[in-house]
**Student:** 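I am attaching a structure below and will ask some questions about it afterwards.
None of the values given here were measured: they were computed from a predicted structure. By convention in this document, chain letters (A, B, ...) are assigned in the order of the sequence lines, proteins followed by strands, and residues within each chain are numbered from 1.
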Amino acid sequence: MSSLITKVRAKQIEQLLENGKRLDERGLLDTRELKIEQGVIEKAEGSARVYLGKTEVLVGVKVETGEPFSDTPKEGVMTVNAELVPVASPRFEPGPPDENSIELARVVDRGIRESRAIDTGKLCIEEGKKVFIVFVDVYVLNHDGNLIDASAIAAMAALMNTKMPNYEVKDGELKIKQGYKPLPMRNHPITVTLGKINNKLLVDPWLEEESVMDSRITFATGEDGNICAIQKGGSGYFTPQQILEASKIALDKAVELRKKLKW
Amino acid sequence: MSSLITKVRAKQIEQLLENGKRLDERGLLDTRELKIEQGVIEKAEGSARVYLGKTEVLVGVKVETGEPFSDTPKEGVMTVNAELVPVASPRFEPGPPDENSIELARVVDRGIRESRAIDTGKLCIEEGKKVFIVFVDVYVLNHDGNLIDASAIAAMAALMNTKMPNYEVKDGELKIKQGYKPLPMRNHPITVTLGKINNKLLVDPWLEEESVMDSRITFATGEDGNICAIQKGGSGYFTPQQILEASKIALDKAVELRKKLKW
Amino acid sequence: MSSLITKVRAKQIEQLLENGKRLDERGLLDTRELKIEQGVIEKAEGSARVYLGKTEVLVGVKVETGEPFSDTPKEGVMTVNAELVPVASPRFEPGPPDENSIELARVVDRGIRESRAIDTGKLCIEEGKKVFIVFVDVYVLNHDGNLIDASAIAAMAALMNTKMPNYEVKDGELKIKQGYKPLPMRNHPITVTLGKINNKLLVDPWLEEESVMDSRITFATGEDGNICAIQKGGSGYFTPQQILEASKIALDKAVELRKKLKW
Amino acid sequence: MNDKTDKLIDKKGIRGDGRKADELRSLKLQVGVLSNADGSAYIEHGKNKILAAAFGPREMHPKHLSQPDRMVLRCRYHMAPFSVPERKSPAPSRREVELSKVIKESLEPALFLELYPRTGVDVFVEVLQADGGTRCASITAAALAIADAGVPMRDLVVACAAGKIDDTIVLDLYDVEDKLGSADVPVAYMPNLNAVTLLQMDGVLSSSELEKAVNMAMDGCKNIYAMQKEALKTKYMVVKETEE
Amino acid sequence: MNDKTDKLIDKKGIRGDGRKADELRSLKLQVGVLSNADGSAYIEHGKNKILAAAFGPREMHPKHLSQPDRMVLRCRYHMAPFSVPERKSPAPSRREVELSKVIKESLEPALFLELYPRTGVDVFVEVLQADGGTRCASITAAALAIADAGVPMRDLVVACAAGKIDDTIVLDLYDVEDKLGSADVPVAYMPNLNAVTLLQMDGVLSSSELEKAVNMAMDGCKNIYAMQKEALKTKYMVVKETEE
Amino acid sequence: MNDKTDKLIDKKGIRGDGRKADELRSLKLQVGVLSNADGSAYIEHGKNKILAAAFGPREMHPKHLSQPDRMVLRCRYHMAPFSVPERKSPAPSRREVELSKVIKESLEPALFLELYPRTGVDVFVEVLQADGGTRCASITAAALAIADAGVPMRDLVVACAAGKIDDTIVLDLYDVEDKLGSADVPVAYMPNLNAVTLLQMDGVLSSSELEKAVNMAMDGCKNIYAMQKEALKTKYMVVKETEE
């Protein structure tokens, strides 16, 4: 967008890419520095703050009780909500979620849901009547690009940090016992996004790159290396070859990240 | 409105009317060609698509269960909603219903409700607790004038096409039996709208006429020839004589239409 | 605001104040004429219309049944809502409540709630399940300044006028007996607002004064002379000395008003 | 309209509230009751208590709603939360949206819209207490508010309903008759121009019953019209006295 | 994606609705079906019934959304309340908001946005009946509507899903397979440019399964593309005949 | 304020969290914590964790809200859904709307509004964790964010509450005291100008108790003020070091 970055800047980014370089001196397949702080909101059942370069996302998890969906009467419910909080960017405005925050929430949701990361079967209190509801609230605090990966990692880190009442269910009655136990998890998806600028693929695009890139593609992969969610975004396209290439890069990066995070 | 149709066009319409003629070559009391297709949405409990000239309205009926109103604990509930879908006209915008769609829904509702077209007493499952709710959704797909008549006819055609679960109520319990049965109906109102341009009354105004007409008046009549709903619209007026004349024309047209439709 | 009152007018007000005078010839500590009419809406459980000079506020009270808050299972609920109805001022627009009407409602609410004016413990029907809910709707009909005091007095006058069903609770069942009884009250707070213009404090500012004043401060006081709510408003400030002075004036005016009203 | 349960009118033709079939409820009309509106009126029509205020002609806000060749009239019909037996949410209901539209269209024929291009007149109606027939009483009050604002009018607009209870056509239904009667026909009328500007009908009527009802409603309108003019005159005289 | 309960595909490779793994559902495409839109199309894709209309290029409303250097494409994907088994509220759901965005982004690569600065094109998609794969069918229809409006395009956009049921990669999932299968991969494609403009995935697939699914979906797209062109030609010929 | 159930302060004058009556909770203040805002600050005040960001002075959007003769300050106080024990809906509550207003009015006296006509400054406050006294901590942080944005100020604004628990006037109530105590008096203050810019009260206090509470709160403000200046200095020095 010419109003956000001069065309000169765009040209500069493109020329660097031709030589395999990026404005911030990363290689094309390098992610920015990732820092995770868990348990930063003591009063929430779970929380994590993730810094991906200068991008900063806080996720808080609340666990409450409520009704299950009628088509899954024995399963707990997870719901993901994302807010592009106006402190994070001069372009974010207060108000109800727009298409960008809804897409962000739904992509984060999909990675967790499709990989069956949470063992929702263990969150049932009384079949069809009462289950635990896990609210995952994604709060974007500083937008420097690639909100999807930062949010997805922060959501997983917050879920892994989530403690819930040490309950026991007897005859459909919920009994709260002393202490807490962790939220039952069975998979740990990792989400990797690539951008495309002038037919070059690059991992973890930051804000300046996002402002000139054609399109992006996101892959979430589970512990078994299978893909559990994909989302293409942006007003450009990918060739079928680029998609295969991107998926390979994303899977490799996920393996790399998984090792680092020990997830 | 000068912004929608040139004043030349308005003059042309008025001069034709002076000679008992209309732009589309109809007589003043002629309705446009009416075509009804029932059952077009197989997955809905009932549906009908109505073409009135180029005006096109689709009505879908869903039958669900819910609570009755507290002042009619033994009766099922009917609710009419209308959407002026933006595919239908460059002047329709997406968003919550505006005053035009609300008026349209309420006029259609009134004709059905006041004529007691649906035998709501037969839609009670458990008094005060559970009844059938009949959702009538009017979807305007192409706006070429006289949405009220097209919608009212489409709503009735959809209701007449509505199948509902072949239920039986035993001790307040709803038992779904095999097969379907029709929605219980006891009247078939027909709705006729007239426009007034330069003190001439004309039946079934189309879009170009609507854009220059002073006002309109709508009459819904039941099988017994009684009037069950009236709505004057537009920023003009009628003389008392014109109202009587319009009511007579509307009743005659309804009889004519009833014969044709075999309602 | 220069767009609402000429700077000349502002200067005039300030010069008068220097001499201890006001545009409408009141002394600095004089309130405008107060007129209260109770029971003006016969169909509401309680109502009062208050005229404070040309400011006019109508309050209606409805008493219904509903659920208590989970943290006060034995207590009835009071809720205050305020509407700056567009008939009251060319500056009021129809639509959902804005920050001004929300602040007004919350300040009125606070005075009643913190002074425990309503004996909510007597409004419980079945603990944790069913209590009486008292809806206090503040309707501003003409805005000539100091809406807070007019609304607070009108709300109290309406509550004192409120009749409710002469119920009896037996085994958690609500039995409506013949006749009505008054809403159980145990305190009668009185709310007094002062404005500050050029470091002068003045009681009961009217519209022209409000348009030039720096800030306002409101004190609600109970029968025992204790303060039960304070609200500073406006984009100016008070010195600590001015706050003490204002509180003394407000308490004196409240005593004076309490005598007059026999509350 | 529900089934009637009890008799709404007795053998002597006397209705539940003591009126005869063609008798209006008591009315009280006041003009110029609000100091901040350009024009205002208050009506008590039976137990209906309604305030109307008019602002304008003034610049429209937002501007893009203004029309290059005429004035725009906007109306809002709104019920106070305490105006009805069960507390009403202040958010506009579908019924209020429809009534706002038909009230606007009942007033427009009285205005010289083309005289004030690019401007707007806003009419706000607040129903403080409802007792059946609020739309008609609102129109009667709104027309007075517009006149009080000094907006030139072809004629006043006045409104009244007729309807059917227990097989009898009656004038000016109140709450109970509105709920339990078999038809309600609100009519707005400009007597000098013999023009009907609002006509709606709920319920079931034959052709001839409709004719009778409309005529009865117009007669009711004419009576209220006299009170409207009186209310304007009263305010005018009071103002004149004040000025002298 | 839920657990599969019953077999969705039998030993002979026949699916619940009688299709083979790589078989499309029956399709019907019509162009120019609405007289008020600048362009329009109707698609029946299996039991999906979807209308798309395009308006523009035209002045944007509100104006501040227009861009000085390019055209703005806006899309709304909307489901009729009666299009799904349980009545859907007409207010846009989060799912509809997301789909509106991805549909828009699947169409943009086909447009010469820079050719019409400061203008807008609006595409409205109405799902009248849903049967699995509505987003793909919507894109296929929306591209036709845009072409019918006369907006120059690099290529048509066509969309189709592939997915996985009972360990088999299959083309064009219908409702039941969508709900009970183990993965769904909607793909939008511009065949002439060999460009994928939409790709999403729900469920679980290995790398190689994904590759197979994307290829199968692209083959499906190519088949539908032929029908798209046919539909445009048909309308064009009909129009031409009419004109002669 | 509810009835007290247990003792909130013991015989030795020690409160539930170990503080004396006139003791502040621990505080941590940081300036310049967000890279995209023109100015920002983070505060930990007890367990309150709050971010504030300031944008401007900049052109207002929408434009019609700008004022020809002065700058417009807008504030939004917003609580994260996870900041409180029971998940809070992200939609603004009535409480948040009121607090946004009083926070704005507590900051305005510190600004030279007339210096930047037609512009706006937006202050966004995000409560990440709430522990009683969030409005005061928000004001303290918001003032720092405005200063960090380089907007000229007459003085910093600093806020702190005092209140009454078990008949004792205490400083800086935390969550439990806020809920179970008998009065809460939040105060915002500009120490250099000796000006109170926010004063509210919930609960019941005598005249002399109020005086004592206000004085205690102002003393608390003065202590926090020193930390505010320190936080600004720290950032300035860090920046300076970086520049060298």
**Student:** If you count the non-hydrogen atoms of other residues, nucleotides and ligands that lie under 6.0 Å from CD in Glu67(C), is the total more than 12?
**Tutor:**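 At most 12 heavy atoms, drawn from other residues, nucleotides or ligands, come within 6.0 Å of this atom.
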**Student:** Should Lys47(D) and Glu42(C) be marked as a salt bridge (Lys or Arg N to Asp or Glu O under 4.0 Å) after you check the CA-CA gap, both sets of side-chain angles, and the distance that decides it?
**Tutor:** CA-CA 9 Å; Lys47(D) 286 182 186 155; Glu42(C) 305 90 329; over 6 Å; no
**Student:** Which atoms of Ala130(D) are under 4.5 Å from chain C, going by heavy atoms: the side chain, the backbone, both sets, or neither?
**Tutor:** backbone
**Student:** By a 4.5 Å heavy-atom criterion (distance strictly below it), what part of Arg76(D) contacts chain C: side chain, backbone, both, or neither?
**Tutor:** side chain
**Student:** Among side-chain atoms of Ser106(D) and Thr197(D), is any donor-acceptor pair under 3.5 angstrom?
**Tutor:**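 No, because no side-chain N or O of Ser106(D) sits under 3.5 Å from a partner of the opposite role on Thr197(D).
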**Student:** So which residues of residues 133-143 of chain C are in contact with chain D at a heavy-atom cut-off of under 4.5 Å?
**Tutor:**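 Residues of residues 133-143 of chain C touching chain D at under 4.5 Å: Phe135(C), Asp137(C), Tyr139(C), Leu141(C), Asn142(C), His143(C).
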**Student:** Using non-hydrogen atoms and a 4.5 Å limit, figure out which bit of Glu56(C) sits close to chain D: side chain, backbone, both or neither.
**Tutor:** side chain
**Student:** Measuring heavy-atom distances to chain D, does Pro90(C) have an atom under 4.5 Å in its side chain, in its backbone, in both, or in neither?
**Tutor:**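 Contact with chain D involves both backbone and side-chain atoms of Pro90(C).
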**Student:** How close do Gly56(D) and Val151(D) get, counting heavy atoms only, and between which atoms?
**Tutor:**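 What the structure gives for the nearest pair is O-CG2, 4.1 Å.
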**Student:** Taking 4.0 angstrom as the limit, do Asp38(D) and Arg58(D) come out as a salt bridge?
**Tutor:**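 Salt bridge between Asp38(D) and Arg58(D), a charged N being under 4.0 Å from a carboxylate O: no.
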**Student:** Counting only non-hydrogen atoms closer than 4.5 Å, does Ser40(D) touch chain C with its backbone (N, CA, C, O), its side chain (CB onward), both, or neither?
**Tutor:**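 Answer is neither: Ser40(D) stays 4.5 Å or more from chain C.
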**Student:** Run the salt-bridge test on Glu59(D) and Arg118(D) with the 4.0 Å N-O cut-off and return the result as yes or no.
**Tutor:**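 Between Arg118(D) and Glu59(D) there is no salt bridge, as every charged N stays at least 4.0 Å from the carboxylate O atoms.
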**Student:** Against chain C, work out which of Ala54(D), Ala53(D), Ser35(D), Ala52(D) has the most heavy-atom pairs shorter than 4.5 Å and name it.
**Tutor:** Ser35(D)
**Student:** Any salt bridge linking Arg87(D) with Glu64(C)? Criterion: basic side-chain nitrogen under 4.0 Å from a carboxylate oxygen.
**Tutor:**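 No.
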**Student:** Does the side chain of Glu96(D) come under 3.5 Å of the side chain of Ser93(D) through a donor N or O and an acceptor N or O?
**Tutor:**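 Yes, a side-chain donor-acceptor pair sits under 3.5 Å.
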**Student:** Checking heavy atoms, do the side chain of Pro90(D), its backbone, both or neither come under 4.5 Å from chain C?
**Tutor:**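 When you check distances to chain C, atoms from both the backbone and side chain of Pro90(D) fall under 4.5 Å.
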**Student:** Would Lys122(C) and Phe132(C) count as a cation-pi pair here, with the cationic atom under 6.0 angstrom from the ring centre and within 45° of the axis?
**Tutor:** no
**Student:** Taking the six-membered ring of Tyr42(D) as reference, does the cationic atom of Arg49(C) (NZ for Lys, CZ for Arg) lie under 6.0 Å from its centre and within 45° of its axis?
**Tutor:** yes
**Student:** Let's test your reading of the structure: which of Pro85(D), Ala37(D), Ser83(D) forms the most heavy-atom pairs below 4.5 Å with chain C?
**Tutor:**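 Maximum pair count with chain C is reached by Pro85(D).
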**Student:** Applying salt bridge (charged side-chain N to carboxylate O under 4.0 Å, His left out), name anything that partners Lys43(C), two or more places apart in sequence or on another chain.
**Tutor:**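 Salt bridge (charged side-chain N to carboxylate O under 4.0 Å, His left out) check on Lys43(C) returns Asp131(D), Asp175(D).
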**Student:** Pick one of side chain, backbone, both or neither for Ala91(D), based on which atoms fall under 4.5 Å of a heavy atom in chain C.
**Tutor:**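 Neither the backbone nor the side chain of Ala91(D) comes within 4.5 Å of chain C.
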**Student:** Between Val123(D) and chain C, with a heavy-atom cut-off of 4.5 Å, which part of the residue counts as in contact: side chain, backbone, both or neither?
**Tutor:**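 Nothing of Val123(D), per the 4.5 Å heavy-atom cut-off to chain C.
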